[in-house]
Amino acid sequence: MNYFKQDLASLHADLVAKKYSAKELTQVTLDNIQATDPEINAFLHVNADEALAQAEKIDQAGIADDQPLAGIPMALKDNLVTKNIPTTAASKILANFKPVYDATVVEKLAHANMISVGKTNLDEFAMGSSTENSAFKTTKNAWDHTKVPGGSSGGSAAAVAAGMVPASLGSDTGGSIRQPAAFNGVVGMKPTYGRVSRWGLIAFASSLDQIGPMTRSIKDNALMLSAIAGHDDHDLTSSDKTVPNFAADLNAATSVKGMRIGLPKEFLAEGVSDDVKNAILAAADTYRKLGATVDEVSLPHNQYGVAAYYIIASSEASSNLQRFDGIRYGFRADDVKNLEDVYVKSRSEGFGDEVKRRIMLGTFSLSAGFYDAYFVKAAKVRTVILNDFKAILKDHDFILGPVAPTTAFGIGAKISDPVTMYMNDILTIPVNLAGLPGLSLPAGFSNGLPIGMQLIGRPFDESTLYKAGYAFEQNTAFHQEIPTLGGQN
């Protein structure tokens with residue numbers, strides 16, 4: 001079975017019509033992974049036996065028309081805890097960790113009778129933009145195996161783009177769903193902060209992290225978000241706002257006519273490649289032809305987003321990662337002579353360089369002599385950036401722009417230059433600082449590599465983003481393109 005040719009709705013229809021069983025579909029998925037993943041390296045763990053057993057139970061119970069995700073396989077980023085199944089966050093310090101509970105989103109998808117077939121690779125503790133910081137392997141871009149898949153959700157994006165699974169979950173702290181989605185030519189949604197429970201997500205930066213779906217189409221993505229969104233008593237930051245059926249209004253009548261779209265001049269400034277600029281300008285023209293108005297707007301403080309983000313995110317990370325100490329669970333160093341050795345050696349040997357770098361930066365920013373000069377100032381900049389977005393979204397339905405300044409870069413090209421790597425997220429980071437929803441979808445190609453377009457909306461207005469994305473998708477063919485076998489385009 002070729003997932004490139006079927007969306008979730010058609011898979012569901014086939015399962016209801018019993019053209020094949022959930023167990024047969026799951027077995028095909030596992031076969032796809034076995035055939036493709038040795039080259040892509042998207043998966044850290046494949047739970048074949050558990051997946052087949054779950055599929056058999058679903059077949060025995062039967063799949064009803066009102067269960068749109070039942071019996072359909074999917075993959076989970078390996079920073080989402082899964083009961084009795086390895087959860088490593090791609091870190092040596094959690095190499096043998098098996099949680100005793102499931103994350104809320106994992107429970108929700110299980111309740112929807114989706115079938116988890118495995119855990120996908122990421123930058124260690126979600127800290128990175130290329131999935132090269134994993135302690136275990138480097139994932140490759142589905143379109144060109146010499147290029148990175150983006151990060152930190154690179155494994156989840158590549159697994160969908162390469163046709164191994166029809167859907168996956170990732171997490172987004174500063175662009176970690178949208179950027180790999182863009183690099184791999186798939187759809188990725190970073191929901192409004194609080195739309196989806198973070199319970200069971202191994203925390204990087206608690207005020208920025210959000211879980212979201214990655215799929216091949218807008219409608220598939222909307223179905224997934226409806227399944228995982230909603231209030232959770234375990235997560236006090238989760239919203240109690242009603243969760244819409246995001247896919248319900250995506251049909252032939254979906255229109256952007258009369259919508260006002262903001263196109264920030266900063267999103268097309270120096271540093272953004274000509275091919276990316278041209279793709280976004282062409283997308284703006286498509287929206288104009290569909291009846292929308294596109295205005296040039298400004299996000300004057302966007303340039304300060306990266307600096308503020310790395311202070312705030314690293315500060316929160318230094319606090320969140322204190323729990324990994326070699327005492328309670330996870331990796332413990334050998335040849336320790338006292339308690340201090342346990343802490344120092346376990347963390348020194350268990351954490352990779354990028355994680356150590358951010359812990360040190362965060363600890364410095366929170367220290368007594370520098371808290372006001374760095375963390376407090378970064379928090380103030382965060383508010384200014386949020387106000388910039390509010391000013392535009394007061395008069396516009398959404399904001400349009402590129403996801404990343406370029407297409408996917410070569411494996412090894414930026415890994416030794418952290419600052420250059422950090423700047424790759426300059427267009428996505430402000431959305432997390434502001435807590436807004438951001439949708440990435442395919443908008444073109446450059447030298448055979450996908451270009452991603454980003455739609456940014458008002459808080460809890462993912463519906464408008466899905467409608468706008470769907471209208472664009474129905475009037476273009478970029479989402480129908482698939483990687484060639486062998487990863488060279």
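Predicted model only: the values in this text are computed from it and were never measured.
- In the displayed structure, F136 atom CZ is contacted under 6.0 Å by more than 12 heavy atoms of other residues, nucleotides or ligands.
- By the neighbour-count criterion of 12 heavy atoms within 6.0 Å, atom OH of Y287 is densely surrounded, having more than that number from other residues, nucleotides or ligands.
- Here F364 and Y374 bring their ring centres to under 6.0 angstrom of each other.
- Both the sub-6.0 Å distance and the 45° axial angle are satisfied by K414 relative to the ring of F409.
- Pairing each heavy atom of V186 with each of P442, the nearest pair is O-CD, 3.8 Å.
- The backbone N or O of K137 sits less than 3.5 Å from a side-chain atom of N121, completing a donor-acceptor pair.
- Of the possible polar contacts, none joining the R260 side chain to the T293 backbone as a donor-acceptor pair under 3.5 Å is found.
- Across S238 and D232, no two heavy atoms sit closer than the pair OG-N, 2.9 Å.
- Closest heavy-atom contact between M214 and P180: CE-CG, 4.2 Å.
- Scanning all heavy atoms of the two residues, the minimum distance from R458 to H396 falls at NH2-O, 2.9 Å.
- Counting only distance, with no hydrogens or angles, the side chain of Q210 and the backbone of V196 share a donor-acceptor pair below 3.5 Å.
- Remark: aromatic rings of Y371 and F375 are close, center separation under 6.0 Å.
- The closest side-chain heavy-atom distance from V306 to D425 is not below 4.5 Å.
- When ring centroids are compared, F125 and F204 stay outside the 6.0 Å threshold.
- For the pair E354 (side chain) and M127 (backbone), a donor-acceptor distance under 3.5 Å is absent.
- Both tests do not hold together for K356 against F351: distance to the six-membered ring centre under 6.0 Å, angle to the ring axis within 45°.
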